[in-house]
Every structure is written in structure tokens, then in C-alpha cells.
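Quick note: numbers below take in every heavy atom, side chains included, and nothing from hydrogens, waters or symmetry partners.
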Amino acid sequence: MKKKSIIILLFAVSLICVLSAVLFLNTDKNTDSKVSYTVTSTESQTVTQTQTETETQTEPETETETTSTKTTAQTTEKEKKEDEPFDEIITSENVAHLALGTEGSLTNYIGTPIYSKPDEGSETIANLHYNCCVKIIDAKSTKKWLAVSLSRYDDKIGYIQAKRVKNVILEIGSKKYSKTRNSIVREAYSHLGQRYKPKGKTLDGTTCNGFVRLLYKNQGIEIPRKPFEQRDFGKIIPEKNALPGDIVYYYANGNYGHVGIYIGDGYMINSAGHDGQHYPDGGVRISKLKYHDREKYSIVRIINE
């Protein structure tokens, strides 16, 4: 009996040892799991932190790309605006819409180039001189390039940079003036761009004095043929009193060798020779009273209306 008790006691001790070992192993396993989890969590945080730092470093590049995109968009928008239609469209037949040359001076023939296309690399087909004008074609002009008329009959068109000229709007005839004065100015303007002809006898092409004489003749007023005779035929008046239809006489080469028709606001229209050059260098054109070498002039009144 005593022997059986000892055996039972040994079995119980063995069982307790086994259970203790099992419990120890389970505890150690849980600890490893916790450590493993902690390590994994730390690594995850490290990776996340590294990604955040990388993204932060790449932000300036994103801003640079955004700035570049904005600059490109602004440039495109600027070019778009320059290509927008001209914003001063004039439809009235009694209004002249002109580009005035502002480059050069009264004593030289340096002016602004007129190109065959709205492109600085295209051919230069004419030259707009200082204080001289060329007619703007509203329908084909933009804010950057002005389309201008270079011939009365063949519809030849040139292009000039808008920033290099001054826009001028002149009234061609008004109720403020007599019918005779308005008729002279309007008929003169209708021949804008007509070529100068040394021996021409009609308004389809003639000299400076022939142009003035024929305009007056068509209103029933006969005046002498030569410029200096025309000057002495009327009465010299102060420039401040000048009215559209009065005559402008220019002093050159010891005589009054050039004439034109005053159209108001300090402008006149004339048939200019200039060694046979075509409009706007020559031909029927509108200019400021002072242009090129024409500095001394008189205003003469023949129409007393």
C-alpha cells in the first residue's frame, strides 16, 4: 500500500513538471509574438516616416511644375489676346481710321516697316514715314498686327506692328461745315491710295497741284494750275482758323512747290510724288501738316463759306 502511494506521488510530481513546462513554453511563445509585433509596428512607422520625408522633398518640384504651367498658360493667354480682333472697329463712311507713323523725324525718311504678312520675318513691302498715315483695315486687324491698305484698286494689303504706330480717327466731313467743304474732303479721301502721276489730268492719278485744282473744279470753283499761283489766288489765314477744304501750301526750293487739302485736326491730304514712290510713301495720302522735310507752310482760304 505504501508502495502504491509513492508511485502516485511520483506520477503527480511528473504531471506537475510537464504542465509547468507547457505553461512556460506558451508564455515564451506569446512574448516572442509580442516582440515580433512591436518590431513590425516600428518598421511600419519608419517606412511611413521615410515616405513622408520623400514626399516633402518632392513638393518643390511640384511647385516648379505648377509655376511653369502657369507661366505657359499666361503666355498662351497673352498670345491669344494679341490675336483677338481689333477693338476699335469703325463702320461709318465718314470716318477715317488711320495708323500714324511715329518713328523717324521731319528730316529723314526712316519709318516703320510694313510687312507682306503679320510676321517680322516676312518681306518688307512698304515703309510708313514719320507723321504720315496709312489706312487701317478693321476687319483683318488684331491687337498685335494692323492690316493696312496699300493700293486703292488692287486691294493690296500689308501688316504693321500696332505698338509701333499711333491710332488716328478722323471725321471726314461734318454738319459743322458747308456742303462744298465736305464734298471736297470726302472726294479727296475717296482717292486715298491713288498713285501719283506727273502728267495726270484726272483724279485717277495726278500731281499735287492737279489734285487740288480738280477737287475745286468739281465743286464749280476754278483756281490757277501752278502751286504759287494757287497760293496767291486766296487769302492766307492763321492755322488756328483753318477749316476742312482750305489749302495748305508748302515752301520748298525757294518757292511754294507743294500743296494739299486741309481736312481738320492738324492733318491734310495730298498727292505726293517723292520720286514716284507708291502709297504710303507717295500717292494720295494723309499726313500731319508737318511731315518729312515739309516744315514751312501757309494755310490759304479760297472758299468763303
Hydrogens and angles aside, do Thr112 and Glu103 bring a side-chain donor and acceptor to less than 3.5 Å of each other?
yes
So, do Tyr297 and Tyr291 have ring centers that fall under 6.0 Å from each other?
no
Does NZ or CZ of Lys288 come closer than 6.0 Å to the centre of the six-membered ring of Tyr267, within 45° of the ring's axis?
yes
N/O donor-acceptor pair under 3.5 Å between Asp246 side chain and Arg301 backbone
no
Inter-residue atom distance Tyr279.OH - Arg195.CZ, 0.5 Å rounding:
13.0 Å
Between Arg181 and Glu305, does any side-chain N to carboxylate O distance fall below 4.0 Å?
no
May I ask you to decide if Pro238's main-chain N or O and Asn241's side chain share a donor-acceptor pair within less than 3.5 Å?
no
Given 3.5 Å as the limit, does a donor-acceptor pair link the side chain of Ser271 with the main chain of Asn209, or not?
no
For the side chain of Tyr216 and the backbone of Gly245, is there at least one donor-acceptor N/O pair under 3.5 Å apart?
yes
Looking at CD1 of Ile125 and CG of Leu150, how far apart are the two atoms once the value is rounded to the nearest 0.5 Å?
5.0 Å
Give a yes or no on whether the backbone of Tyr115 and the side-chain of Ser122 come within a donor-acceptor separation of less than 3.5 Å.
no
Side-chain (Asn182) to main-chain (Ser174) donor-acceptor, under 3.5 angstrom
yes
If we ignore angles and hydrogens, is there a donor and acceptor under 3.5 Å between the side chains of Ser105 and Thr107?
yes
Ignoring hydrogens and angles, tell me if any N or O in the side chain of Arg285 forms a donor-acceptor pair with the backbone of Cys133 under 3.5 Å.
no
When you look at CD1 of Ile237, are more than 12 heavy atoms from neighbouring residues, nucleotides or ligands closer to it than 6.0 Å?
yes
Examine distances only and state if a side-chain atom of Asn94 and a backbone atom of Gly173 form a donor-acceptor pair shorter than 3.5 Å.
no
Treating Tyr189 as the side-chain partner and Ile269 as the backbone partner, does any N or O pair qualify as donor plus acceptor under 3.5 Å?
no
Between the main-chain N or O of Leu146 and the side-chain N or O of Ser141, is there a donor-acceptor pair closer than 3.5 Å?
no
